[in-house]
Amino acid sequence: MADWLNKIKTVSSTKGESAPESAKSAGVGCLAAVIAIATILTFLIAFGLFRSGHWIMGSFALLFAAIGALTSVLLLWPQKPNRL
């Protein structure tokens, strides 16, 4: 138990540059997953707006969803690891 608590203290006290690569990739993966979920919901909203005849609001929602999809793809793209 003490070893586990020591590991948590070590990771939480590090700066962003010296954090372990596994922690960085896990954080980026969680962020990409949240953005992907929001993007899917925005696509559904845009689809509903288009079906209702609200073309202008649907266009804005579709643009926002496309930006979210692009952001999640760029986050999931393999990054060059910062080797210390």
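The basis for the numbers below is simple: all heavy atoms, side chains too, and nothing from hydrogens, waters or symmetry mates. Starting from 1, each residue takes its place in the sequence as its number.
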Separation of [Y] [atom2] from [X] [atom1] (nearest 0.5 Å):
| X | Y | atom1 | atom2 | result |
| --- | --- | --- | --- | --- |
| T39 | L70 | OG1 | CG | 10.0 Å |
| L74 | I35 | CG | CD1 | 10.0 Å |
| T42 | I67 | OG1 | CD1 | 11.0 Å |
| H54 | I45 | NE2 | CD1 | 13.0 Å |

Review point. Does some side-chain heavy atom of L62 sit less than 4.5 Å from a side-chain heavy atom of F47?
Key: no
- Should we count CZ of F64 as having more than 12 external heavy atoms under 6.0 Å? no
* Asked: Ignoring hydrogens and geometry, is there a side-chain-to-backbone donor-acceptor pair from S52 to L49 under 3.5 Å?
  ->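 Side chain of S52 to backbone of L49: no pair is present.
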In terms of heavy-atom contacts, A32 and S72 come closest through O-CB, 3.9 Å
Heavy-atom nearest pair, F43 first then A66, reads CZ-N, 4.4 Å
